[in-house]
There are 2 protein chains.
Amino acid sequence: MNSDYKILLVDDEPDILEFLSYNLKKEGYAVCTANNGKEAIVVAKRENPHLIILDVMMPDMDGIETCRELRALPGLKDVMIAFLTARSEDYSQIAGFEVGADDYINKPIKPRVLISRITALLRRGKSTAEVNQKMDLGGIRIDRERYVVVQDGKEINLPKKEFELLALLASKPGKVFTREAILDQVWGGEVVVGDRTIDVHVRKLREKLGEDFIRTVKGIGYKFEF
Amino acid sequence: MNSDYKILLVDDEPDILEFLSYNLKKEGYAVCTANNGKEAIVVAKRENPHLIILDVMMPDMDGIETCRELRALPGLKDVMIAFLTARSEDYSQIAGFEVGADDYINKPIKPRVLISRITALLRRGKSTAEVNQKMDLGGIRIDRERYVVVQDGKEINLPKKEFELLALLASKPGKVFTREAILDQVWGGEVVVGDRTIDVHVRKLREKLGEDFIRTVKGIGYKFEF
DNA sequence: CGCAATGTTAATTCAATATTAACATAAGAT
DNA sequence: ATCTTATGTTAATATTGAATTAACATTGCG
């Protein structure tokens with residue numbers, strides 16, 4: 001489903017906001033909006049969208065300027081940014097790309113083109129967004145891309161099941177995962193394995209990482225803590 | 001200097017080819033041309049350009065089809081491809097993005113916009129394209145241009161598949177590439193070859209470079225490390 | 001205490017990968 | 001074209017190391 005993606009629309013004209021919002025929601029995207037540049041920055045910080053669509057012509061702070069400020073925010077380095085321009089404004093295409101835009105979209109907007117364009121943009125952005133699947137907790141970093149766990153700078157290579165188990169527990173530190181849930185997530189629904197299997201994997205993780213990271217909650221399951 | 005970048009222009013109208021070529025060369029880009037889709041594929045394979053600009057409307061094989069075939073070539077996964085379209089042909093924008101285009105450029109073409117656009121495109125592609133020029137890692141240098149691998153000063157000639165496999169793994173040292181990803185990148189999407197084929201190529205690389213450069217991550221894939 | 005849940009270790013099973021050699025195909029040479 | 005060699009692929013078999021289990025030990029809560 002497209003709702004994996006959140007899109008922030010920024011335009012001073014409510015009609016356009018409405019029109020875009022309607023079309024994007026219909027495709028299943030999560031949509032949030034802002035009426036001007038200042039608001040856009042606030043919302044962007046809060047919502048962390050995957051894509052921001054900026055009208056170039058706006059009072060006070062125009063799209064170019066907004067884009068520049070957005071790009072300066074640490075968390076928003078990897079967001080895709082597209083500009084909305086009137087067909088004739090060539091100058092803004094130039095300025096836009098210089099300021100770090102990923103695409104521009106001409107008005108008047110045709111829904112089919114819009115959607116197609118956005119799909120392409122998000123697909124392109126995915127590569128970098130996906131890379132950031134790293135977690136960092138209590139001196140331990142789980143690096144999915146390289147498939148290693150880094151503890152105090154040392155790389156630890158874990159076999160698949162151990163890695164996935166650790167990743168699951170660490171994905172919500174403090175939360176207790178029942179054995180059932182663990183089997184379901186790490187092993188996959190249908191697989192049936194013996195009772196002691198999880199314990200053994202936990203043992204190995206404790207050997208490799210230290211005894212204190214995974215805690216047993218008797219009668220319930222296991223949790224990661226640091 | 002811009003001449004780090006090679007651009008392939010494809011159009012059936014000599015005038016346009018001439019016009020674009022002139023403007024791009026003036027900016028310092030290396031330019032090569034083709035008059036139709038078939039020719040484009042031949043030239044692209046030979047020249048390995050960073051960016052291909054394709055006219056959508058061409059006799060025989062149109063831009064969309066050409067793009068599809070280009071994308072299917074293993075060596076050209078990372079090329080940037082831009083389409084040249086008449087302003088009205090919205091349909092081609094849709095089809096174009098679906099087929100893996102990175103941008104489209106409207107006719108009539110204004111030099112300033114063209115250059116700005118191309119700069120942006122190349123910058124975007126840089127991450128992957130530039131890396132593929134020359135990499136230097138742990139005593140190994142991969143020289144795409146000369147298609148050789150240099151290890152401790154010695155030149156090693158690798159067959160195509162071995163070279164591409166090594167180049168892929170080395171393009172992101174440490175990153176684990178799944179077999180699926182490897183097949184997709186090195187062999188190309190449609191081709192179906194057995195799983196053991198990859199192993200055999202890995203073995204040959206290990207024979208030639210040493211056992212320790214390619215590490216297998218059981219259940220996941222392979223990674224390059226040094 | 002007694003019992004059920006969890007821990008531990010080592011042995012076993014099993015699946016993924018490695019290896020080799022045979023076969024197929026493409027590229028170059030004559 | 002035909003021969004020749006380099007490259008690519010497959011199939012059969014071996015090997016490795018991860019995953020699982022079995023057997024027994026320990027814990028901790030009612």
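Below, each value reflects all heavy atoms present in this structure, side chains not excepted, and no hydrogens, waters or symmetry copies. Order of the sequence lines fixes the chain letters, A, B, ..., with proteins taken first and strands second; residue numbering starts at 1 for each chain.
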Whole-Å distance, B/L205 CG to C/dA18 C1', equals 14 Å
Ranking D/dT10, C/dA18, C/dT6 by distance to the side chain of B/V193, first place goes to D/dT10
Rounded to whole Å, the CZ-P distance (B/F177 to C/dT17) equals 16 Å
Closest of D/dT9, C/dT8, C/dT20 to the A/R203 side chain is C/dT8
Self-check item: B/E65 with B/R68: basic N within carboxylate O range, under 4.0 Å
Solution: yes
Check: Should A/R196 be listed as having a side-chain N or O under 4.0 Å from OP1 or OP2 of C/dT9?
Finding: no
TODO: Would you kindly say whether A/R179 and A/T197 are connected by a side-chain donor-acceptor distance under 3.5 Å?
DONE: no
Check whether any side-chain nitrogen or oxygen of A/H201 sits under 4.0 Å from OP1 or OP2 of D/dA18, and answer yes or no. no
From CD1 of B/I156 across to P of D/dT7 the rounded distance in Å is 14 Å
Establish, with yes or no, whether the OP1 or OP2 oxygen of C/dA16 is under 4.0 angstrom from a side-chain nitrogen or oxygen of B/Y222.
no
Next on the checklist: Does the structure place the NZ or CZ of A/K175 under 6.0 Å from the centre of the six-membered ring of A/F177, at an angle of no more than 45° from the ring's axis?
Outcome noted: yes
Among C/dT20, C/dA18, C/dT9, the one nearest any side-chain atom of B/D199 is C/dA18
In whole angstroms, the gap separating C1' of D/dT10 from CG of B/D195 amounts to 12 Å
- Query: What is the nucleic acid contact for A/F163, judged by heavy atoms within less than 4.0 Å: base, sugar-phosphate only, or nothing?
  - Reply: nothing
**Report entry** Phosphate OP1/OP2 of C/dA16 contacted by B/T216 side-chain N/O (<4.0 Å)
**Finding:** no
Side-chain contact check for A/W187: nearest option of C/dT8, D/dA19, C/dA18 is D/dA19
B/L158 atom CG is separated from D/dT7 atom P, nearest whole Å, by 9 Å
Rounded to whole Å, CD1 of A/I182 lies from C1' of D/dT20 at a distance of 16 Å
A/E164 atom CD is separated from D/dA18 atom P, nearest whole Å, by 15 Å
5'-most contact on DNA chain D (nearest-nucleotide basis), B/K160 vs A/I198, goes to B/K160
Among D/dG8, D/dT20, C/dT17, the one nearest any side-chain atom of B/P159 is D/dG8
Open item on the list: Under 4.0 Å, heavy atoms only, any strand: does A/V202 hit a base, just the sugar-phosphate, or nothing?
Closed with: nothing
Walking DNA chain C from its 5' end, the first of A/K204 and A/V217 to be reached, judged by nearest nucleotide, is A/V217
**OP:** Would you mind classifying the nucleic acid contact of A/T197 as base, sugar-phosphate or nothing, using non-hydrogen atoms under 4.0 angstrom?
**Re:** base
Is A/R144 salt-bridged to A/E164, going by a charged N under 4.0 Å from an acidic O?
yes
Taking C/dT17, D/dT20, C/dT6 as options, the one with an atom nearest any side-chain atom of A/K218 is C/dT6
**Asked** If only atom types and distance count, is the side chain of B/R141 paired as donor or acceptor with the main-chain N or O of B/Q151 below 3.5 Å?
**Response** no
By nearest-nucleotide position on DNA chain D, the 5'-leaning member of A/K161 and B/E162 is B/E162
Winner on side-chain proximity to B/R206, out of C/dT8, C/dA18, D/dT9, is C/dA18
Can a salt bridge be assigned to the pair A/E162 and A/K208 using a cut-off of 4.0 Å between side-chain N and carboxylate O?
yes
Separation of C/dA21 atom P from B/E207 atom CD, nearest Å, is 11 Å
